[in-house]
Amino acid sequence: MGFSHLRKMLLLLFFAAVLSNAYNHSCGQGTGAGNSGKRTSLMEALKQVNRVFGTNFLYDQELLKGKTTTYDMGNIRSKPLQEVLKGILYPSGLVFLYVKPDYYTIIPKERVREQWSTGAPAADTTAIPLQTQDDGAVQGSRTISGKVTDREGNPLREVYITVRGTRIVSASDKDGRYTIGVTPHKGLVLVFSSVGFESQEDLVKSDSVINVVLKETSVSLQEVIVVGYGSEKKEDLTGAISTVDSKELNENHSSTAVSDMLAGRLPGLYVQKSDGTVGTGSDLKIRGLSTFNNSNPLIVIDGIPDRSLDDLNPTDIEAISVLKDAAAIAVYGARAANGVILVTTKKGRVGRPEITFSSTLIDQSPTFMYKKVGSYQYAQLQNEAYENENSFNPSFGQGFSPDQLQKFKDGSDPNHYPNTDWIKTLAKTSILQSSYNLSASGGNENTKYFLSVGYVKNGGYVPVEYYKRWNLRSNIEANITHDLKVNLNLAGVFSTTNGEGVYGMDYVIGQAYSTAPTQVNQFTNGYYAYVPQQRGNAYVQSRGLTGFNTTNNNTLNSTLSLQYDLPWLKGVSLLGTAAYDKGYSFNKDFAKPYNQYSIDSSGNYTQIPSYPTAPYLSETFTQSESLTMEGSVNYAGAFGKHHVTGLLLYTQTEASGDNFTAQRANFVSGSLPQLSLGDPSQSTNGGSGTTSARQGVVGRFTYDYDARYLMAFDFRDDGSDIFPPGHRFGFFPAVSGGWILSKEKFYNIKGLDFLKIRGSWGQLGNDQVSPYQFLTTYSLVGGPSTGGGYSFGGPNPVFYQSLQPGVLANPSFTWERAVMSNVGIEAHYKGDLLTLSADYFHKRTKDILAPPALQVPSVIGTSLPDYNNGVVDNSGFEIELGHSNHIRKVFYFIDANVSFNHDKIVTYPESQSTPSWQRITGTSVGSFENYPQYGIMQVQLGYHAQGLYQTAQQVTSGPTPLFSTVAPGDIRYQDVDKDGAITANDEVVLGKHFFPGIQYGIRWGVHFKGLECNVLFQGTAEVQGYNSVGQYNLVPGSTELLNHWTPQNPNAPYPRLWINYQNNQQGSDYWIVNNAYMRVKNIELAYSLPKKLLQRAGVKGIRVSFSGNNLITLTKFKLYDPESAVNTNSTGGLGNPILKSFTAGIGLQF
Amino acid sequence: MQRNHVTIGLMAILILAGSACQKNFLNKAPLSQYSDDNVWGDSALISRFVDGIYGNIISTYDYAGDYGLPSSFTDETQIDPTFFVANQVNLGQYTAASNVFDAFWSSTGTPSGVYNNVRNCNLFFAHLATMPLSLSTRQQLAAEVHFLRGYNYQYLYSIFGRFPIIDTVLSLGNNGLYTPRATDDSCVAYILRDYDSAAAVLPVQYSNPSDVGRATVGAALGMECRLLLNQKQYTQAAAAAQAVMALGVYQLFNDYAGMFYPQNDDNPEVIFDKEYAGDETGQVNNVDLYENSSFFTGFGATPEDAPTQNIVDQYLMTDGLPWNQSPLYDSTQPYANRDPRFAASILYDGCTWMGTVMDMQSGSFYNPVNAPTRTGYMLRKFLNPAYIFYGNNVNYGNCIILRLAEIYLDYAECELQLGNAEEARKYVNMLRERPSVNMPDIPTGQMTWDAYVRERTVELAFEGERWEDVRRWGIGPQTIGAAIYGMSIQTVGATRQYQRTLVQQRYFDPKMYLFPIPLAELTKYPAGQVLEQNPGW
């Protein structure tokens, strides 16, 4: 719900009634208070107060200069603080204002009202002229009292209570109690207001006690949203932006990666997780796909692009904004065409230090288990398949003899005829993840800090794999002078990923899936078996006995910025920022031999050499750095009801990277993995480097009249070294406007108290292609890791590296350009009782960079460069509906969001001789084999299936099948070109929606006192998956195979079994599945212990929580997790599985 | 005081902003790649460019892995059935879109597709005039590149038949892109012209040992011989063969098995080969890894290409008779008394390999149930008995592309076809008379076509020549489409029983003599200019 956001973002000087009382008392007290007559300077007096009470003061030093007090400082210890302050300050015409606990600001008495009217954002209360009861102007005849609490029952102090239509004001004390005198009359209403909470009005009847529970303010309108190079109040936004705050993010504890936590929470953001490999997150796309190049959004963390989202410590995040339309992203114009994800990390707040500790323990297991048959059934299936192909021949390993079948069945000879459940043998049933976070934040008016340290470790599905990460962060803000601010953010990420030694991450589990149950894992004498298909033994590999492959990633992100508010030019400030990011990565791959055995048919064991036969160690060191420099001029001014802001910014980024690798083989021993212990004559090394640069000028100008008519113009003039000289710069403008109808005088829709429409149009760029394609380049290749090169010299070879030409040069290509329009509406009915936000967008991406590989015959003999030659249209809309309310003390909310997208390739560079049914033009980006992040647009052609042949007559009477071996039970394909035969020409473009057309999330929650329950449902629809596991027969012995075609089972979903025959293995829409799903993405149950109880122990808060992730998944596709069946990658969903989890967490605040 | 702070702050901001505005900030260039100017103005780089073209040629060893050796496309070997390309061909389970040999047409992988290599050759010729080279170096390199271009086109021709002749550096928008397939005569003439240009300049031998392996006049003439023979131009082919022999530098190597060992790289029988260096350079072949039993490798699955009973039966008994006619044949010891080339080429039950007696019964260590040989045999030719499966860089033998024995056989075939059986017999007997072969001569008057075919089949077994032989001889149905047999071995009581067993009935259709031009390639041409597909596809 993000209530804390508001409190934080506005540095408020809150005028509490405590003060107004105090001020008035002082008049009488000022002289009466006996004193020693000794004069003390005010500054010195305040220092003493600070020493005694720990109170901090914020003031302009000029104000106190030369002023003294005669107040008796001798025994202030025995007096209440407020009395002391009154005594010190009031005689000099100064008053003190409460800011927050232990913080007061000091201002002249005459500025009290001014402060009041600008400081407090609760608009309806500020208009009332200050008038306290003690003034006696309207002395009430009756007293009402009561207690104000928040929804958890904690008392609220400094709640401001007014009698509507009067100047009567009171405030609650630290126990939340208040008293106010009123003159009873019909329709007497008390207004309770406090910063950070919604005003509440209560009709006074006869009661004299009114207890009030205040709800936190609606985030939605007052919230200040971080936008590109600045921030804006949500109410004033003209762009399409959705946000999620830290509290909501941390409802989901299931992952180490922030991207995993975003699913279903942000309209317009598509989150897909294709596998559960430790340390990896989800694939993020904003508003679908609109280019066949890289469609990944730009990630901006604390203002600096290209930092890693999934390396962040989730608890360090203050908020994440997803910028969707041109108005929101034009300032990142060059690389923003796919949308921008802005992340801001936490900052310190003025106040007493707050220390937070939290810890979670997570137990994970796969959402779907891939079910396999036992060895007996497997052997039968194999036999049937071989028989179908007339190649049943057990003596050459083609099938199993009846004798062998019997042994699988009765399990009498487990050394030769086992029944191995590989997954069960080596995968963990319960995967643990633990995390610990400690943070401290605080500060005073001049210096604020947020410091944190976090540690997380996640085990893998197989024991050898794990991921762990340390995060450190120090965000410090300081005012060097009144006008000059400095900001220094430092963040360190130190992560370790570990996998198996020879083949790395993901290998072992893939082997476990794909090995038949007829293979032995461990012989009865305890030896581990050599399994050829696994190139060893997957169990031994999974236990790390074959070595390790460890990658340490160390990243430092630093940002230093200076802001100078020009004192002689009101509203103008200068900002300079330098950000330096440095990354080191060290990979150590140590592989060593191990004992594995083979058994012959008479039961003798022999040790089989393992691969490698002697240990080898390979180390790779990579470093990268990036320096961004920015300088900007900002202006904000108001002329009556005209508000103007402007920003002009120059930015440049220079990045470079180097790596080298070294390897030695033939280690004497496998006990120590250090390079120097390897055979010096078996050493190799290599290395390379990269560099890149960008620069740009950014501008933003906004104008509004009365915060009612809003207008903005944004642009970016961007340069990238990727393009040839003369084509490097692109200008990307955006205009936008908004109209808050509800502020119009004529507006009179009851209850609908906020209504805004807005629209934007702009152009954006994308340059995610390989650099230097405008140059004719030659690479010198040859070496152990790259291959290539050539040798002469016969038995004594002399090796030469060789030159290979690069891509064909394209002297003129430039930015891909997206033209984007957006219209949106935002409405609030009775505050946050009902809220609606809806956006429609249309985006045409032109000049898409793609090689004309489908138009240029390969006889050209070289790789083709990218040209600006494709067009894609993408349109869609997002709706977010919210409802929040309370029934007595039970607060609840429900938020639903749904996003639709539809893309179409308008033109793709392809040949006109391509049959119409094989053309990419007219299809959708989401219908391709590989998502664009893999770089190549590869059309997925396949046949259109028409069920299975049932009779031999059908085979012979229809179009000639692809192969002479086609028989009943095989898939029947459509003769698209009607030439009487199925040929490759009959292939069509497969699939329409490998990328989901619809994604949605429904989140609801209930809060009662300290109890909280939050639930998130999330799902996708209009999405197809490709069951490549079925197509390729890849995974031996899926239970799916049991339901295959036989003459007795003609309606089976799976064709007749095959081994070598290709007909059923052709790409076809037979294997396209509907993998829409809805899942209970997240449930969190939390309890915050009553603060009262904790205060004595010196603890501010304790929150315990239990949560579950991916608990239930509803889907038609049951083979494996539908989210991982995203495309036609040959492994399908059979990598590391997607996990469900249970979490226990505790958070402590001091 | 405050003024000072302000000044400092302002200066800091200005420095930040100011340092930024550098001109040419975006003028970056690749850090580790050479430009056109670098390459063609530097003789050392030009030489490395030509080395690259050598490195990209396709040899038999390059098939090991996903394709399966060329022998598995014919009746010589049976491939592991799981996923290899050859398997699709054996059962006729492929279409023009099945990606059978797409990469050989064009690919930037290693080795590169033919058109990528041809472009590099053409690129070399385009810059030839301005190269800073001495006349002799220029001529020498040009001759090598002529040879390499001819070799690449010949390779393409052997797979797809007629091809578009590209002899310039094509750019986008160039009409040459849509060059149609040339006629057979033009294709052959073009290749011969390249070889002739090469032969006119290339040396017979290289005096510098570190140049051994470069194209020679013998290589050019020998490849001409192979091409002409395949064109059935027997007179010209015989002349080319004679020209090779007349160079006087080649002689049969006296160790048939050892000819393929790394220590005998570039032995006097070798006319042209693809050279490999070893692990340290990454320039390796994978034959030992894929063809050995998993017992030795501890790696991978089934030995990839298993010799068939069909090829085993081609090896004569030491009396010069086929197994089914010879009294020396003993069905309980079927491998005794065979042409020594049998033991040199095939691992069989009871042979010794890498110090171990090979037991080929199903369920033995060498032929385990979970990674069986598909025929009861494993490949022996090309493998190195001293191979260390990881970490020894001298273990990578060169792949012989052309050797004198083939020239003898080519010559013999020409003479047979030209009616000079006795001349043919002379050369076949020279092969048989080698000490390591030591088979009885074919007697006068008995040089039959069948005897020749059998001799060629055995001598060149698995070396990648058979597809073209089959096509030239027109025996696709009997060979490519053959019923493939293996040897099933069992011990009953104390005796071993050897049983010929059907492994696979293969498929053949005459269209298969030529592979289809990749369909994806055809659709790249504009309407009306689409390349003609091979017949039947």
Side-chain angles (χ1 to χ4, degrees), chain A residues 395-397 481 484 532-533 535 562 564 574 576 598 600-601 606 608-613 629 631 652 665-666 682 688-689 691 693 719 721 772 776-779 783-784 787 789-795 797-800 802-804 857-861 863 911-914 963 984 1060 1062, chain B residues 2 5 9 12-13 16-17 20 25-26 28 30-34 36 39 48-49 51-52 54-55 81 93 95-97 106 108 110 115-116 119 164 166 170 210 212-213 263 265-266 275 277 281-283 294 298-299 301 362-365 371-372 374 389-391 486 488 519 523-524 527 530:
Chain A
S395 54
F396 296 128
T481 71
L484 186 65
Q533 291 81 354
R535 299 181 166 185
L562 287 168
Y564 181 57
L574 304 178
S598 182
D600 72 5
S601 40
T606 301
I608 301 288
S610 74
Y611 182 88
T613 49
M629 308 256 247
Q652 69 170 39
N666 217 4
Q682 298 287 310
S688 63
T691 174
D721 69 331
Y772 311 130
T776 303
T777 57
Y778 299 81
S779 305
Y790 198 66
S791 58
F792 294 105
V798 182
F799 180 73
Y800 300 98
S802 68
L803 267 188
Q804 298 290 349
S858 300
V859 296
I860 196 166
S863 307
S911 160
Q912 290 312 303
S913 60
T914 307
F963 308 113
N1060 283 324
Q1062 298 287 315
Chain B
Q2 203 166 341
H5 284 299
I13 289 167
L16 282 180
F25 182 70
L26 297 181
K28 304 284 179 191
L31 296 181
S32 51
Q33 287 169 311
Y34 296 103
D36 251 351
V39 172
R48 296 304 179 91
F49 183 82
D51 295 347
Y54 274 101
Q93 304 277 318
T95 69
S106 171
T108 52
T110 310
Y115 278 108
N116 295 69
R119 181 186 180 86
I166 306 297
L170 294 176
S210 68
V212 170
Q263 63 267 33
D265 277 350
D266 291 284
E275 311 234 334
T281 62
Q283 204 222 339
S294 60
F299 176 89
S362 178
S364 77
F365 293 120
R374 299 293 162 178
F389 281 92
Y390 191 85
S488 167
L519 185 68
T523 55
K524 291 176 182 176
V530 178

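Since we're looking at a predicted model, the values are computed, not measured. Every chain is numbered from 1 and lettered A, B, ... according to where its sequence line falls, protein lines coming before strand lines.
By the salt bridge (charged side-chain N to carboxylate O under 4.0 Å, His left out) test, B:R374 is found to be paired with B:D80, residues two or more places apart in sequence or in another chain being considered. Checked against side-chain contact (heavy atoms from CB on, under 4.5 Å), A:Q1062 has the following partners two or more places apart in sequence or in another chain: A:F963, A:Q1065, A:Q1066, B:Q88, B:Q93.
With contacts defined as side-chain heavy-atom distances shorter than 4.5 Å, the pair A:S858/B:K524 qualifies.
A:V859 touches chain B through backbone and side chain together, each having a heavy atom under 4.5 Å away. At a 4.5 Å heavy-atom cutoff, the contact between A:Y800 and chain B is made by backbone and side-chain atoms alike. At a 4.5 Å heavy-atom cutoff, the contact between B:R48 and chain A is made by backbone and side-chain atoms alike.
Comparing A:T776, A:T914, A:V798 by how many heavy-atom pairs each has under 4.5 Å with chain B, the most go to A:T776. Listed options A:S779, A:G689, A:S395, A:P609 were ranked by heavy-atom pairs under 4.5 angstrom with chain B; first place goes to A:P609. Ranking A:S791, A:S802, A:A984 against chain B, the residue ahead of the rest is A:S791, based on heavy-atom pairs under 4.5 Å. Note on A:I608, A:T691, A:I860: by heavy-atom pairs under 4.5 Å with chain B, the leading option is A:I860. In terms of heavy-atom pairs under 4.5 angstrom with chain A, the leader among B:I166, B:V212, B:T95, B:D266 is B:V212. For the set B:P164, B:S488, B:S364, the count of heavy-atom pairs under 4.5 angstrom toward chain A peaks at B:S488. Between chain A and the options B:F365, B:Y115, B:F49, B:Y34, the largest number of non-hydrogen pairs under 4.5 Å is found for B:F365.
For B:D51 (side chain) and A:Y790 (main-chain N/O), no donor-acceptor pair under 3.5 Å exists by modelled atom type.
Between B:A277 and A:F799, the shortest heavy-atom distance links the atoms CB-CD1, 4.1 Å. Annotation for B:T523 and A:S913: closest pair O-OG, 3.2 Å, computed over non-hydrogen atoms. Residues A:T777 and B:P30 come closest through the heavy atom pair CG2-CG, 4.1 Å.
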